[in-house]
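Working notes for the structure below.
These numbers were taken from a predicted model, which means no experiment stands behind them. Hydrogens, waters and symmetry mates are skipped; everything else that's a heavy atom, side chains included, is used.
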Amino acid sequence: MTLQRPTKGSLLVAKPSIIGDMSFNRAVILLADCNKNGSVGFIMNKVLDFSLSDFLPELNKDFKIFNGGPVEQDNLYFIHQVPDLIPQSIEISNGIFWGGNFEAVKKLIEQDLITSEEIKFFLGYSGWEPKQLEEEVKADTWIITDNSDQKNILSREFTTFWKEKLEEQGGEFLIWSNAPENPSYN
């Protein structure tokens, strides 16, 4: 369902018109917070060439690391679906949580008590100052949709996420969903 304004827990789907923007081209962003002070979200479909063991070799686990956005890319963030196991988590919406006690996360990973389908790691985040995201929406940069994949948002196939979200919009977006990422390849 297409929404009129961004809200906490909704998805931002980059419109094809932002081709060339290295951070947001073909991005699908989960908004972790959206209020009068600004907005924060994480790009859900841009995997990096790193795994968790590159940052925490003592864990020796290959959880993928995603590009969360262009802000604070030297910090590791996470969203998850196990707040009962990770104290101090902040609910985004309906069973999806942001952050929490990282020492607890490390212990859960060490003991194989959490899987990559329950937690997702990001370098950086996407952030907007007050009213900035609303202005980008008015400029026709984003499609705002309800997060209909709440139970599967962490485990879904990230390589086709943007295409699937465009196809859900129908109309002219069906053509764009099949266009090559680099239009000069067409």
Side-chain angles (χ1 to χ4, degrees), residues 1-35 38-51 63-80 92-93 96 98-99 116-117 119-129 131-150 152-186:
M1 172 172 80
T2 303
L3 305 174
Q4 298 301 313
R5 60 184 196 84
T7 56
K8 183 177 180 177
S10 62
L11 296 175
L12 298 178
V13 181
K15 285 201 169 177
S17 60
I18 62 173
I19 289 174
D21 182 317
M22 296 305 293
S23 295
F24 298 121
N25 183 33
R26 295 185 179 223
V28 178
I29 299 173
L30 173 64
L31 283 177
D33 200 4
C34 189
N35 59 49
S39 300
V40 173
F42 297 98
I43 301 172
M44 302 299 293
N45 62 323
K46 295 194 176 217
V47 71
L48 297 170
D49 289 330
F50 299 112
S51 70
F63 285 77
K64 290 179 172 48
I65 304 289
F66 288 78
N67 178 357
V71 183
E72 292 189 18
Q73 288 200 320
D74 55 345
N75 287 327
L76 190 64
Y77 298 90
F78 57 96
I79 58 176
H80 60 89
I92 295 172
S93 68
I96 303 169
W98 171 22
S116 60
E117 295 185 356
I119 192 167
K120 197 167 194 172
F121 294 94
F122 304 89
L123 277 182
Y125 66 90
S126 301
W128 295 266
E129 293 185 4
K131 304 209 183 278
Q132 182 184 1
L133 181 55
E134 289 81 358
E135 291 301 318
E136 289 182 16
V137 170
K138 284 180 192 172
D140 212 26
T141 304
W142 302 104
I143 300 166
I144 307 164
T145 67
D146 186 33
N147 181 9
S148 57
D149 292 323
Q150 288 180 354
N152 301 315
I153 190 81
L154 300 181
S155 61
R156 70 168 295 128
E157 176 57 44
F158 64 90
T159 59
T160 58
F161 201 8
W162 182 80
K163 175 183 170 100
E164 292 166 7
K165 287 297 174 187
L166 275 191
E167 288 172 345
E168 286 176 12
Q169 300 305 306
E172 69 178 285
F173 294 110
L174 291 174
I175 294 169
W176 282 106
S177 71
N178 288 310
E181 187 163 353
N182 184 336
S184 65
Y185 293 159
N186 203 0

Apply side-chain contact (heavy atoms from CB on, under 4.5 Å) to L11 and W142, showing your working. CA-CA 9 Å; L11 296 175; W142 302 104; over 6 Å; no
Go through the steps to decide whether I96 and I153 satisfy the test side-chain contact (heavy atoms from CB on, under 4.5 Å), and finish with yes or no. CA-CA 9 Å; I96 303 169; I153 190 81; 3.6 Å; yes
Is there a side-chain contact (heavy atoms from CB on, under 4.5 Å) between I65 and L76 once you walk through the steps? CA-CA 9 Å; I65 304 289; L76 190 64; 3.9 Å; yes
Could you walk me through whether Q73 and N67 pass the side-chain hydrogen bond (donor to acceptor under 3.5 Å, both in side chains) check? CA-CA 8 Å; Q73 288 200 320; N67 178 357; 2.9 Å; yes
Test log, rule ring-ring contact (aromatic ring centres under 6.0 Å, His included), inputs W98 and Y77: CA-CA 8 Å; W98 171 22; Y77 298 90; 7.4 Å; no
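Between the T141 side chain and the E136 main chain, a donor and an acceptor come within less than 3.5 Å of each other. Of the possible donor and acceptor atoms, one in the side chain of E157 sits under 3.5 Å from a partner among the backbone N and O of T159. Formation of a donor-acceptor pair under 3.5 Å by the K46 side chain with backbone atoms of A27 is not found in this model. Side-chain atoms of D146 never come within 3.5 Å of backbone atoms of S10 as a donor-acceptor pair (strictly under, hydrogens ignored).
With sequence neighbours left out, E135 forms a salt bridge (Lys or Arg N to Asp or Glu O under 4.0 Å) with K138. Residues passing the side-chain contact (heavy atoms from CB on, under 4.5 Å) test with V71 are Y125, sequence neighbours excluded.
A pairwise comparison of heavy atoms in G127 and Q132 identifies O-OE1, 4.3 Å as the closest pair. The minimum heavy-atom distance between G41 and W128, with the atom names listed, is N-CZ3, 4.2 Å. Here the closest non-hydrogen pair linking S126 and G68 is OG-O, 3.0 Å. Nearest heavy atom pair, residue W162 against residue A14, reads NE1-O, 2.8 Å. Across every non-hydrogen atom of C34 and S39, the tightest pair is SG-OG, 3.1 Å.
Within the model, atoms CG of N45 and CZ of R26 stand 10.0 Å from one another, a figure rounded to the nearest 0.5 Å. Note that OG of S116 and CG of L154 are 9.5 Å apart. Values are rounded to the nearest 0.5 Å. Here the CG-OG1 distance, from L166 to T145, works out to 10.0 Å after rounding to the nearest 0.5 Å. Taking NE2 of H80 as the reference point, atom NZ of K120 lies at 14.5 Å (rounded to 0.5 Å). Taking CG from L12 and CG from L133, the interatomic distance works out to 5.5 Å, rounded to the nearest 0.5 Å.
The shortest side-chain heavy-atom distance between I92 and I79 falls under the 4.5 Å cut-off. Between R5 and V137, the closest side-chain pair of non-hydrogen atoms is not below 4.5 Å. In this structure, the side chains of N75 and L123 stay at 4.5 Å or more apart for every pair of heavy atoms. Between D33 and L31, the closest side-chain pair of non-hydrogen atoms is not below 4.5 Å. Looking only at side-chain heavy atoms (C-beta outward), F158 and K64 come within less than 4.5 Å of each other. Contact of the M44 side chain with the I29 side chain is not registered, since no non-hydrogen atoms from C-beta on lie closer than 4.5 Å. Side-chain atoms of I43 and L30, non-hydrogen and from C-beta on, never get closer than 4.5 Å to each other.
Surrounding CG of D49 are at most 12 heavy atoms belonging to other residues, nucleotides or ligands under 6.0 Å away.
Residues E168 and K165 are paired through a salt bridge, judged by an N-O separation under 4.0 Å between the basic side chain and the carboxylate.
With F66 as reference, F122 is the one residue of F42, F122, F121, F78 to meet the side chain to side chain contact (heavy atoms under 4.5 Å, CB included) rule.
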